Amino acid sequence: MKLSALLLAALATGVSAHYRFTSLITGSTTTSPYQYVRQNTNINSPVTDVSSLDFRCNAGALASGPSTSTATVSAGSTIGFALDASIGHPGPLYVYMAKAPNSVEASNWDGAGSVWFKVYELNPVTDGGSSITYPADGLTQFTFNLPSSLPSGQYLVRVEHIALHGASQFGGAQFYISCAQINVTNGGNGNPGPKVPIPGVYTGNEPGILLNIYWPVPTTYVAPGPSVWHG
Ligand SMILES: *[C@@H]1O[C@H](CO)[C@@H](O)[C@H](O)[C@H]1NC(C)=O
Ligand SMILES: [Cu+2]
């Protein structure tokens, strides 16, 4: 009786710890929830199947593109995401981008193909085995700079926070994902890469996705996916 009450309390805490990336930040402006971020139908659940199409922009996000606006931002400017709740699980934070084909609006694009490159990472910090800390812990928003050599055009911007508390078994890592739509102006002649497909970027067996973060304390953290393109 006492044990089940404790379990229920623990489960309730787990559920309320879920968080969603709801708003795009442009410069110093936090835009309205789902103004430029595709709304998903996965209300309070993470994605756990890295091979699922839902792994790209979350469940239901392909259908919500046309009803989502596209934000115009300059290459080299600051963008980011705000959440509906603080990041409540330990893990890394990544941002990937993909450029829509020239004749296709970002709002009508599905992001298919080997088109995604990583633009931002916030990795766990290790010190050889005595501690592991998570700079993304507790954040309610974050920002980063777009490279100024990023070519002009319309892009999907995909944020991914990987919760690692249950990652010691295959499929136990939880992915909190949203995609925003942006229109980059004043761009440059950079050649973003390496490019990967999503899904397809991860197998789920990566040392940064399938690991026990508690014991023994990891000596290093190996970021999954491609290296960051800095322009
Ligand atoms: C993107 O920006 C260009 C250049 O300002 C503009 O012509 C175009 O209409 C914009 N497209 C969208 C979808 O905002
Ligand atoms: Cu959770």
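None of the values given here were measured: they were computed from a predicted structure. Remember, it's 1-based here, ligands and their atoms both numbered in the order they're listed.
- A side-chain N or O of Tyr94 and one of Asn123 form a donor-acceptor pair less than 3.5 Å apart.
- The ligand atoms of ligand 1 that sit less than 4.0 angstrom from a heavy atom of Thr72 are 14 (O).
- With hydrogens and angles disregarded, no donor-acceptor distance shorter than 3.5 Å links the side chain of Glu121 to the backbone of Ala223.
- Protein heavy atoms are absent from the space less than 4.0 angstrom from atom 7 (O) of ligand 1.
- Side-chain N or O atoms of Thr41 include one that pairs as donor or acceptor with a backbone N or O of Ala59 at under 3.5 Å.
- Around the CG atom of Asn102, the shell of radius 6.0 Å holds no more than 12 heavy atoms that belong to other residues, nucleotides or ligands.
- Within ligand 1, counting atoms from 1 as listed, the ones closer than 4.0 Å to a heavy atom of Glu105 are 13 (C).
- Distances from atom 14 (O) of ligand 1 to the protein include at least one heavy-atom value under 4.0 Å.
- The nearest protein atom to atom 4 (C) of ligand 1, hydrogens excluded, is given as Thr185 CG2, 3.9 Å; this is a heavy-atom distance.
- Residue contacts with ligand 1: Asn183 is placed with a nitrogen or oxygen under 3.5 Å of a nitrogen or oxygen of the ligand (distance criterion only).
- Side chain to side chain, Ser74 and Asn186 meet the donor-acceptor criterion of an N or O pair below 3.5 Å.
- Atom CG of Asp49 has more than 12 neighbouring heavy atoms from other residues, nucleotides or ligands inside a 6.0 Å radius.
- Here the angle centred on the Cu ion (ligand 2), running from NE2 of His18 over to NE2 of His89, is 160°, rounded to 10°.
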